[in-house]
Amino acid sequence: MKVTFQTQDLCRALERVQRAAQTKVTSNTNNGFFISAEDGKVEFQANDYSIGIRTFCEADVEERGSVLISAPHLLSTIKMMPSGPVVMEQKKGESTVFFKAGQYNSHFPTRDTAEFPLVTEIDHAFHVNMKCKDFAEMVNLVSFAASTDAKNPIFTGILCDITENIFTMAATNSHRLAAREISLEETPTGKGNFIVSASVLQDVIRLLPAGEDSMMEISWASRHVAFSFGETYFLSNLINGVYPDYKRVFPSSFDLHATLDLK
């Protein structure tokens, strides 16, 4: 296996999957960075069983192959390399992969790729397409109200309710509550009502493309939700449980109204 990347492209690809890569040296889980090279494109995967991320990066593939690198400091090492071409090479029969950029050389141990739990796409029977900027705005407006107490996992999540052309997000820690709904431009293929960890959604919006018209697909099943955008596929477990009826908290009428300048 022999592949030549541009340093920035390689760093961006590793950064996208880093969240799901095992960062603890003392771990016996089947984790790490899975890298597979085909013609002109290299696939990167990481999977910690609660979330899985898959993305792609353009590169010059001289020899095809795949490798599993269980090195928590891989990304930080690549960032220290000089800008320009980075050659990744693993010779046949060897259990070490080498990275070379200019006079900088580094090598990492590898494991059997068969041990890695590949990220597989869920059924797209239930899905909706929406603008990335709308999704990011919703998450940012409600996530502050989610709890950080792991003893009550439901409250650490954000409720996503998709009914006809209305997408609603709600979060509460039982002391404060935030909800936001928007009208979707496209009709979803079915109803959705699921709870996703607030920290996971924050990770998703950090990876979203910045283009004004960039689109994403959200698909959901009984136990998982997936976010697909650009070259990246982000899969997450759902939080089990029934979210409280937050709508009952909002009063049906108010005695006093005031209009203030937002600034």
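- Minimum interatomic distance between L238 and S222 (heavy atoms only, all atoms of both residues): CD1-O, 3.9 Å.
- In terms of heavy-atom proximity, A21 sits nearest to A46 at N-CB, 3.6 Å.
- Between the CD atom of E164 and the OG atom of S183 there is a distance of 11.0 Å, given to the nearest 0.5 Å.
- Under the 4.5 Å side-chain heavy-atom criterion for ILVMFWY residues, no single connected hydrophobic cluster contains both V196 and V242.
- A donor and an acceptor atom, one from each side chain of D149 and S147, are nowhere located under 3.5 Å apart.
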Evaluate V128 against E186 for side-chain contact (heavy atoms from CB on, under 4.5 Å), listing each step before the verdict. CA-CA 7 Å; V128 64; E186 297 185 26; 5.5 Å; no
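- Between M1 and I35, the closest side-chain pair of non-hydrogen atoms falls below 4.5 Å.
- Within the model, atoms CH2 of W220 and CG of D123 stand 11.5 Å from one another, a figure rounded to the nearest 0.5 Å.
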Going through the distances and angles, do D161 and K191 end up as a salt bridge (Lys or Arg N to Asp or Glu O under 4.0 Å)? CA-CA 8 Å; D161 183 77; K191 292 183 178 181; over 6 Å; no
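- Side-chain atoms of D9 and T7 form no donor-acceptor pair, as typed in the model, at a separation below 3.5 Å.
- Residues L159 and F144 do not share a hydrophobic cluster, defined by chaining ILVMFWY side chains whose heavy atoms lie under 4.5 Å apart.
- Rounding to the nearest 0.5 Å gives a distance of 8.0 Å between CD1 of I162 and CE of M169.
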Go through the steps to decide whether I53 and F44 satisfy the test side-chain contact (heavy atoms from CB on, under 4.5 Å), and finish with yes or no. CA-CA 8 Å; I53 306 173; F44 293 77; over 6 Å; no
Go through F34 and L118 one step at a time and tell me if the side-chain contact (heavy atoms from CB on, under 4.5 Å) criterion holds. CA-CA 8 Å; F34 175 83; L118 292 172; 3.8 Å; yes
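- Between the D112 side chain and the E115 main chain, no donor and acceptor come within less than 3.5 Å of each other.
- With hydrophobic clusters built from ILVMFWY side chains whose heavy atoms lie under 4.5 angstrom apart, L207 does not share a cluster with V119.
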N237/S50 under side chain to side chain donor-acceptor pair (under 3.5 Å): CA gap, chis, key distance, verdict: CA-CA 5 Å; N237 292 342; S50 61; 5.5 Å; no
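- With 3.5 Å as the limit, one finds no donor-acceptor pair spanning the side chains of S66 and S36.
- Here the CG-CD distance, from L68 to Q45, works out to 10.5 Å after rounding to the nearest 0.5 Å.
- Annotation for G241 and I195: closest pair O-CD1, 3.8 Å, computed over non-hydrogen atoms.
- In this structure, M130 and M216 have side chains that are in contact, with non-hydrogen atoms separated by less than 4.5 Å.
- Across every non-hydrogen atom of R176 and N173, the tightest pair is N-OD1, 2.9 Å.
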Is there a side chain to side chain donor-acceptor pair (under 3.5 Å) between E62 and T4? Walk through the geometry before answering. CA-CA 8 Å; E62 187 175 328; T4 301; 5.5 Å; no
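- How far CZ of F108 is from CD of Q90: 13.0 Å, rounded to the nearest 0.5 Å.
- Residue A37 comes nearest to V3 through the heavy atom pair CB-CG2, 3.5 Å, listed as atom of the first residue, atom of the second, then distance.
- The cluster map of Ile, Leu, Val, Met, Phe, Trp and Tyr, joined by side-chain heavy atoms under 4.5 Å apart, puts V61 and V86 in the same cluster.
- A salt bridge is absent between E58 and K41: the closest approach of a Lys/Arg side-chain nitrogen to an acidic carboxylate oxygen does not fall below 4.0 angstrom.
- A distance of 13.0 Å separates OG in S197 from CD1 in I154, rounded to the nearest 0.5 Å.
- Contact between F155 and P244 at its shortest, heavy atoms only, is CE2-CG, 3.8 Å.
- Salt bridge status for K133 with D213: absent, with no side-chain N to carboxylate O gap under 4.0 Å.
- Linking ILVMFWY side-chain heavy atoms closer than 4.5 Å, directly or via other members, places M138 and I158 in a single hydrophobic cluster.
- Using a cut-off of 4.0 Å between Lys/Arg side-chain N and Asp/Glu carboxylate O, R54 and E121 are scored as salt-bridged.
- Salt bridge absent: E137 and K131 never bring a charged side-chain N and a carboxylate O closer than 4.0 Å.
- Here the two rings, on F227 and Y233, have centers that are 6.0 Å apart or farther.
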How far apart are the C-alpha atoms of V200 and S236, what are their side-chain angles, what is the distance that settles it, and do they pass the side-chain contact (heavy atoms from CB on, under 4.5 Å) test? CA-CA 8 Å; V200 166; S236 172; 3.6 Å; yes
